[in-house]
Amino acid sequence: FFFFFQAEDGIRDQPRSRGLGDVYKRQVSTQSTWDIQFKNSMSKEDKIFNAKLAEQAERYEDMVNYMKEVAASGGDLTNDDRNLLSVAYKNWIGSRRTAWRAISAIEQKEEGRASKHLDLLRAYKTKIENEVEKISNDIVALLDTHLIPKATTPETQVFYLKMKGDYYRYFAECVTGDKNKKAGEQGQEAYKKATEKAAELPTTHPSRLGLALNYSVFHYEILNKPEEACKLAKAAFDAGIGDLESLEDEQYKDAATIMQLLKDNLTLWTADAEEGDDGKDKEQLINLTKRYIERRGLST
């Protein structure tokens, strides 16, 4: 099978953990009556077509609206439909996360200068945080109401529960105090349930590996538990490395890519780790990658 995933979380000025995937306007209230009636008359296939069209036009709010209607129409989504939904929300919230990081960096500089514009800057930052919260609540409501209850396989259950944990993580990284604590607890609950379901999947399944990747980032960046983050990421890497070579080409490529992200994060998080162990794991991944190239008939 072909599994789509999106490397996410953007690039910061400073080295940071990488996850999958990893990237709004008012909806019905700002839509014309004609637009609502038009969409209500569309078939599921037409809505999916328009969602893909909106993606190409980089109109992610429209893409979200079409995919929300598909998700609420009944039944479990196909793999392609799930990926479209994920891409829509990821890009919808991605610009806000990028904006929040940029404003936070400016805020630090302005604090050092005792700038007279700090109040304006912080008000704008709060506006962005509210948008991130609104989008996170929107997808969580969709998952809880329509998607998670209809998920019938471990793969889809892991996909949706991981997605739920991801959006609590996105919100938690933008806020402090009680909101941060609550989002962290809710994200932990979702990731934990996803991990229990993921045990039913092969160690090299992209959903299982992607979950381990994002859950470890959550431990590192939100819960501030670097040891747990490293433990989780290394366990997923070690469990998958032995089974990697037996996969078909597309499965191999997807799994190897996520495992490389796991390894990159481990390297970042354990800069002072023993070189011997790190070098051994890195050599394993390099050798397996070379074999993949040979199997595909490619030259190095």
R82 and E155 ion-paired at < 4.0 Å: yes
Criterion side-chain hydrogen bond (donor to acceptor under 3.5 Å, both in side chains) on D138 and Y89, from CA distance to verdict: CA-CA 10 Å; D138 190 85; Y89 272 98; 2.4 Å; yes
Non-hydrogen side-chain atoms of E129 and E133 separated by less than 4.5 Å: no
No-hydrogen, no-angle side-chain donor-acceptor test under 3.5 Å, T156 and T153: yes
Centroid-centroid under 6.0 Å between Y168 and F171 rings: no
Side-chain donor-acceptor contact under 3.5 Å, Q260 with D264: yes
Side-chain donor or acceptor of D76 paired with backbone N/O of A151 under 3.5 Å: no
side-chain contact (heavy atoms from CB on, under 4.5 Å), paired with F218, selected from K225, E228, Q188: Q188
NZ/NE/NH1/NH2 to OD/OE distance under 4.0 Å, K192 and E196: no
Value rounded to 0.5 Å, distance of OG in S115 from CD in E107: 10.5 Å
Hydrophobic cluster membership, L120 vs I106, 4.5 Å side-chain cutoff: no
R169 and D166, any side-chain heavy atoms less than 4.5 Å apart: yes
Geometric cation-pi criterion K162 and Y215, 6.0 Å radius, 45° cone: no
Check: Y170 and K90 side chains under 4.5 Å, non-hydrogen atoms: yes
Nearest heavy atoms of N180 and A172, plus distance in Å: ND2-O, 2.8 Å
